[in-house]
Amino acid sequence: MTEITLYHFLVISSLLFSLGLYAMITRRNSILILMGVELMLNAANINFVAFSHFGNFGASGHLSALVIIVLAAAEAAIALAIVLNIYRTFNTVNADEADKLKE
Amino acid sequence: MTYYSLVFWLFALITVGSAFIVVMSKNLIYSVFSLLLTFFGVAGLYVLLSADFIAIVQLIVYVGGILIVLIFGVMLTGSVLTEGLKTNVTNMLLGSVATGALAGLLILLFTNNNLYPNTQVLTPVPLKDISRLFIVDYLVLFELLGVLLLAALIGAASIGRKEKV
């Protein structure tokens, strides 16, 4: 078994990103689309931390990762509130059925 | 085979495998609980990258916060008794082709490139450096994040409540 290098982490994050994109494209449920977004944000985070570790860039990569985590938390709260409102209005959470801006 | 690579392959398998279940599972509850495993796996990868603080924040914020919010969302919106939390898919062929191509392209791009330093640097970043960056060099960003979180949470509470204002 070879030494674990930067490329291993990059491949993992590429796979995670593609799976998140796949969830966003193929799923109709809004909550699953949100999970796809979280997967993609996690993939970006792995890249930041991996480059910071192997490139010896100090703490800036960690800082970017922390900022992304905070933004993901805010985004999840807002998106869930919107999904709940859509469910209350249209009685569905499928993203392709809620296609009106007013009731 | 060192312990490092053994643990790496374990966490990589957990991460990618459970992310695969998240994407492919027909049952929404299975997806949410596989997402829990994915977040744990990613936290383990952070530890392997000697980013302990990020790993702990990942566990607290993602597992303790975002995942709970997602489970609330599933429980509040899914009609558990009638549909059994099944979800259906669309654009199957297009999605597979597009994401397969994207994954191949990304992996090709990342591995065919010899620009990156390939030696492992075993100097973990101390927490002091991160906090110094946050409150000395990037103070405006830090304050903006605080304001953004406040605004986002007030907005979420205001959007999500039942009676009209």
Side-chain angles (χ1 to χ4, degrees), chain A residues 1-12 14-23 25-29 31-32 34-36 38-39 42 45-46 49-50 52-56 58-60 62-63 65-67 69-74 76-78 80-85 87 93 96, chain B residues 1 4-5 8 12 15-16 19-20 22-23 28 31 35 38 42 45-46 49-51 54 57-58 61 65-66 69-70 73-74 76-77 87-92 94-95 98-99 102-103 106-107 110-111 116-118 120-121 125 129-130 133-134 138 141 145 148-149 152-153 155-156 159-160:
Chain A
M1 198 62 74
T2 56
E3 185 84 6
I4 301 298
T5 57
L6 173 64
Y7 303 115
H8 293 79
F9 288 97
L10 292 183
V11 168
I12 295 292
S14 306
L15 289 177
L16 216 55
F17 189 87
S18 309
L19 284 173
L21 188 69
Y22 183 78
I25 291 179
T26 59
R27 289 315 185 108
R28 296 174 65 209
N29 194 313
I31 296 175
L32 263 162
L34 197 62
M35 287 188 214
E38 301 293 343
L39 282 183
N42 261 305
N45 250 348
I46 291 179
V49 179
S52 170
H53 177 65
F54 287 102
N56 214 358
S60 8
H62 294 218
L63 187 121
L66 283 175
V67 170
I69 288 179
V70 170
L71 290 181
I78 291 287
L80 254 303
I82 292 175
V83 168
L84 282 186
N85 246 355
Y87 180 70
V93 284
D96 51 350
Chain B
M1 185 161 179
Y4 187 89
S5 51
F8 170 80
T15 307
V16 176
F20 196 76
V22 169
V23 174
L28 204 48
S31 294
L35 199 62
T38 310
V42 173
L45 290 181
Y46 289 155
L49 289 167
S50 64
I54 310 281
V57 169
Q58 163 96 3
V61 174
I66 293 178
V69 171
L70 281 175
V74 171
L76 287 177
T77 58
T87 60
N88 43 12
V89 293
T90 170
N91 291 334
M92 204 71 168
L94 182 69
T99 53
L102 179 74
L106 280 178
I107 291 174
F110 279 144
T111 52
Y116 313 122
N118 212 355
Q120 189 180 342
V121 189
V125 177
D129 285 6
I130 305 177
L133 267 187
F134 250 133
Y138 292 95
L141 175 67
L145 279 181
L148 176 93
L149 263 186
L153 294 184
I159 291 174

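Labels below follow one simple rule: chain letters A, B, ... track the order of the sequence lines, proteins then strands, and each chain is numbered from 1.
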Handout entry: Heavy-atom contact with chain A under 4.5 Å, split by part of B:Val23
Key = both
Exercise for the section: Check B:Ala156 against A:Ala81 and note the closest heavy-atom contact, atom names and distance. Expected result: O-CB, 3.5 Å
Handout entry: Portion of B:Leu153 that has a non-hydrogen atom of chain A nearer than 4.5 angstrom
Key = side chain
Fill in the blank from the handout: Bottom line for A:Leu16: the part with an atom under 4.5 Å from chain B's heavy atoms is side chain
Handout entry: Segment of A:Ile78 engaging chain B (4.5 angstrom heavy-atom cut-off)
Key = both
Exercise for the section: Measure the acute angle between the ring planes of A:Phe54 and A:Phe9, then classify it against the limits of 30° and 60° as parallel, tilted or perpendicular. Expected result: tilted
Practice task
Name the region of B:Phe20, side chain, backbone, both or neither, that has any atom closer than 4.5 Å to a heavy atom of chain A.
Solution key: both
Fill in the blank from the handout: Looking only at heavy atoms, the pair that brings A:Gly36 and A:Ala23 closest together is CA-CB, 4.0 Å
Practice task
Under 4.5 Å, counting heavy-atom pairs only, tell me which of B:Leu106, B:Ile54, B:Asp129 racks up the most with chain A.
Solution key: B:Ile54
Completion exercise
If one checks every heavy atom of A:Leu80 against chain B at 4.5 Å, the contacting part turns out to be side chain
Completion exercise
On a heavy-atom basis, the closest approach of A:Ile25 and B:Ala98 is CD1-CB, 4.4 Å
Problem - side chain to side chain contact (heavy atoms under 4.5 Å, CB included) involving B:Ile107 - partner list, sequence neighbours excluded - result: A:Val11, A:Ser14, A:Leu15, B:Thr111
Handout entry: Minimum heavy-atom distance between B:Thr38 and B:Ala19, given as atom pair plus value
Key = OG1-N, 3.4 Å
Problem - Interface moiety of B:Leu35 toward chain A, non-hydrogen atoms closer than 4.5 Å - result: side chain
Exercise for the section: Considering only heavy atoms and a distance below 4.5 Å, find which of A:Leu71, A:Val49, A:Val83, A:Ile82 pairs most often with chain B. Expected result: A:Val49
Completion exercise
Greatest number of non-hydrogen atom pairs under 4.5 angstrom with chain B, of A:Ile69, A:Ile12, A:Leu63, falls to A:Leu63
Practice task
Only counting residues at least two apart or in another chain, list the ones meeting ring pair (Phe, Tyr, Trp, His ring centres under 6.0 Å) with B:Phe134.
Solution key: B:Phe142
Fill in the blank from the handout: Looking only at A:Leu34, A:Leu84, A:Val67, most heavy-atom pairs under 4.5 Å shared with chain B are made by A:Val67
Handout entry: Rounded distance (nearest 0.5 Å) linking atom CG of B:Leu45 with atom CG of A:Asn42
Key = 10.0 Å
Fill in the blank from the handout: The interface call for B:Thr15 against chain A, heavy-atom contacts under 4.5 Å, is both
